[in-house]
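The structure appears below as structure tokens.
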Amino acid sequence: MNKKDIIKTLETIAVYLEVEGANAFRVSAYRKAAGALERDERSMEELDDPAALSGIGKGTAGIINDLRETGTTELLEELRESIPEGLIPLLKLQGLGGKKIGRLYRELGVTNAAELKEACEAGRVEELSGFGKKSQEKILAAVEDMGKRPERLPVAGVMNAVHDLHARLQAADAVTRFELAGSFRRGRETVKDLDFIISTDKPEAVKELLLGLGNIHAVIGSGDTKISVELSYDDTIVPADFRLVEDGAFATTLHHFTGSKDHNVLMRQLAKERGEKISEYGVEDADGNVKQFDTEQAFFAHFDLPFVPPEQREGRDELEQSFDDLVALEDVKGDLHMHTTWSDGAQSIQEMAEACIAKGYSYMAITDHSKFLRVANGLNEERLARQHEEIRATDADIQIFTGTEMDILPDGTLDFEDAIIESVDMVIASIHSSFQQSEEEIMKRLEAACRNPYVTMIAHPTGRLIGKREGYKVDMQRLIELAAETATVLEVNANPSRLDLSAEHLRMLLDSDVRIAINTDAHHFDMLEDMESGVKTARRAGIPAERIINTWSADDLKAFLQTFCTQS
DNA sequence: GCCGTTTTCGGCCCGACTGTTTTCAGTCG
């Protein structure tokens, strides 16, 4: 078994144990062990003794060694034998945990979703002590709903909800301040729900406002401090939690619900060592005095820590790091990949320029598609020349680089001859076709693009669409080597459906000297706002600003293009 | 199951909400 399989198996063991009704700490021990393995950067070959990792003891180390040598382990086999497989998916149902599922199994003989549904319909569930009519109804509704909805939503799918809720809370008088926490704030690619933290001294009014939202699909819970609803946005159901707090508790509540869980555990352990206790409401010392903070900065400072950016709060080593050089949205001086009406964009060059000026950028590049991409009205040599004339003639208070997003064709050739692109400032090469090719063929195409002296950058290097499409087969280690050797820039495509390269891939190139650009690939001027998603992705990976070419001054960028992207 | 250590076992993050109870267990984040 490889490392990923082992991690997955440890998590499976935890799930089985949970259903078996095992001690909760024993269950979490297996989850912790899986997390410890995942966070360690070594491969299984390099990892001699798993027990050397904190969180993995003798017992789990034995299991890990079993797994890597034989592909299975006694405990897993035993659990599989004693627990019907059909019970496992039931854990995902709202309101059902290991204990209740265990009782449904033992006392009613339920072994899968269909049988659970039957038991509910026959009224057998409500007869169990601890269950009741309401529980039975909720379980039945959850079972019937099962599989209809994805567990986590790609971040692109919740953007509408984010903007809408933001606007509504902004406009509410009863709201003192608010922020979106949770995995969205940490810049994850998918989210389970949206967690809003709201400071207010009129909680009833805010509660009324939230429960009165016109697009409520279901109310999951509504207490004094927590409102939990499902909202409809077009075809998507977006779960959202709202926490209402007094302003004094805002910073610690925000921190708590930003998570991650693992990060919170680290913080609480640290507090404990100092004789303090962290909760949503503040930091309590040994005498029971609770200290509150205006900001998260002040909260971290209390523990002698620098501000830990939300994107870094994953329970790794973030409490031992400093983040001074991490890229921030304000560092971005331009956007180097965008489209106009010349190909498949919605705005003119002039309009895009004005939008970029409004964003405070000092430069931008217009990079429409090339002729191979007929569906996108790609530019041929003649139209490219005319467009670049128009760009040079555009009178705008911003440096506009000429550019192209040039297709890398299925056979590994490029859509334009060298003679065409040698005079283009920003030559972006990308793959939009023959995704099903072998890794060898894909790498041949990417290598051809990297080795071309005029190609500046590879766009969306894997071609994935989060939650929709895997992307083509890229040997990322090899691509990084090629990019380093040929000074080819790799893109972080900031489109929330892409985030490509991903944070995971970006971490792989931290030790190389490959340069990065964060681009929106905007087809409409609203999409220029996606820059934030791209920056978050880079921040998750810990990329310093100096590695990112569109944080450089226009002069530095020009010098770079002249040195590395022309033949001379 | 892991960890730390008062080296043999107790604590493991903490609080809100719900539905069931009639003071609390289970679930969730």
Side-chain angles (χ1 to χ4, degrees), chain A residues 10 13-14 16-36 50-64 73 75 90-104 125-139 142 152 181-186 191-197 203 207 219-229 239-245 249 252-273 276-284 290 315:
Chain A
L10 291 173
I13 289 175
Y16 272 108
L17 285 170
E18 204 167 22
V19 173
E20 199 186 55
N23 176 297
F25 295 110
R26 188 176 166 216
V27 174
S28 84
Y30 283 100
R31 297 222 163 97
K32 254 189 213 163
L53 293 178
S54 166
I56 300 180
K58 245 191 199 158
T60 315
I63 286 174
I64 292 170
T73 185
L75 174 62
L90 301 184
L91 265 180
K92 301 258 158 76
L93 296 180
Q94 175 85 247
L96 281 187
K99 293 189 178 169
K100 284 190 173 172
I101 289 171
R103 291 194 48 211
L104 289 166
V125 171
E126 65 171 305
E127 286 164 10
L128 292 184
S129 78
F131 291 77
K133 219 174 181 59
K134 266 193 163 167
S135 303
Q136 179 169 281
E137 279 170 19
K138 284 199 167 175
I139 291 171
R152 294 181 71 88
S183 40
F184 187 93
R185 184 165 181 240
R186 298 203 311 280
V191 298
K192 200 164 151 290
D193 59 9
L194 300 176
D195 287 298
F196 282 91
I197 313 303
K207 185 174 173 178
V219 176
I220 306 300
S222 73
D224 293 337
T225 63
K226 179 184 167 185
I227 319 288
S228 194
V229 295
D241 281 358
F242 302 87
R243 316 268 167 176
L244 315 184
V245 296
T252 37
T253 305
L254 176 62
H255 175 264
H256 179 87
F257 287 105
T258 296
S260 65
K261 226 174 207 177
D262 292 335
H263 169 79
N264 288 353
V265 169
L266 287 185
M267 287 301 294
R268 290 197 148 127
Q269 280 165 349
L270 178 66
K272 211 171 158 185
E273 284 163 22
E276 293 173 318
K277 208 171 78 176
I278 298 174
S279 82
E280 290 107 289
Y281 301 104
V283 176
E284 191 178 324
V290 176

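By convention in this document, chain letters (A, B, ...) are assigned in the order of the sequence lines, proteins followed by strands, and residues within each chain are numbered from 1.
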For atom C1', what is the distance between B:dC2 and B:dT7, given to the nearest Å?
15 Å

Between B:dT22 and B:dC17, how far is it from one P atom to the other, in whole Å?
23 Å

Between B:dC13 and B:dG4, how far is it from one P atom to the other, in whole Å?
13 Å

Which whole-number value in Å describes the distance from A:Lys99 NZ to B:dG26 C1'?
7 Å

Sort out for me which residue in A:Lys100, A:Lys99, A:Arg31 forms a salt bridge (charged side-chain N to carboxylate O under 4.0 Å, His left out) with A:Glu18.
A:Arg31

Starting at atom CG of A:Leu93, determine the distance to atom C1' of B:dT27, rounded to an integer number of angstrom.
13 Å

Per-nucleotide protein contact along nucleotides 2-7 of chain B, 5' to 3', at a 4.0 Å heavy-atom cut-off (B base, S sugar-phosphate only, - neither), is SS----

The Watson-Crick or G-U wobble partner of B:dT8, with both key distances under 3.5 Å, is none

Rounding to an integer number of angstrom, what distance separates B:dG26 and B:dT21 when you compare their C1' atoms?
13 Å

Pairwise P distance for B:dT20 and B:dC28, with rounding to whole Å
15 Å

It should be established whether A:Lys100 places a side-chain nitrogen or oxygen under 4.0 Å from OP1 or OP2 of nucleotide B:dT27.
no

Treat primed atoms plus P, OP1 and OP2 as sugar-phosphate and everything else as base, then score nucleotides 9-21 of chain B 5' to 3': B for base contact with protein heavy atoms under 4.0 Å, S for sugar-phosphate contact only, - for none.
---BBSSSSSSS-

Quickly work out the A:Leu91 CG to B:dC28 P distance and round it to whole Å.
8 Å

Spacing of the P atoms in B:dG1 and B:dT6 (rounded, Å):
25 Å

Considering only the C1' atoms, how many Å lie between B:dC14 and B:dC9, rounded to the nearest integer?
23 Å

Check the pair A:Gln269, A:Leu266 against side chain to side chain contact (heavy atoms under 4.5 Å, CB included), reporting the backbone distance first and the verdict last.
CA-CA 5 Å; A:Gln269 280 165 349; A:Leu266 287 185; 4.1 Å; yes

B:dT5 to B:dC12 separation - P atoms, rounded to the nearest Å:
15 Å

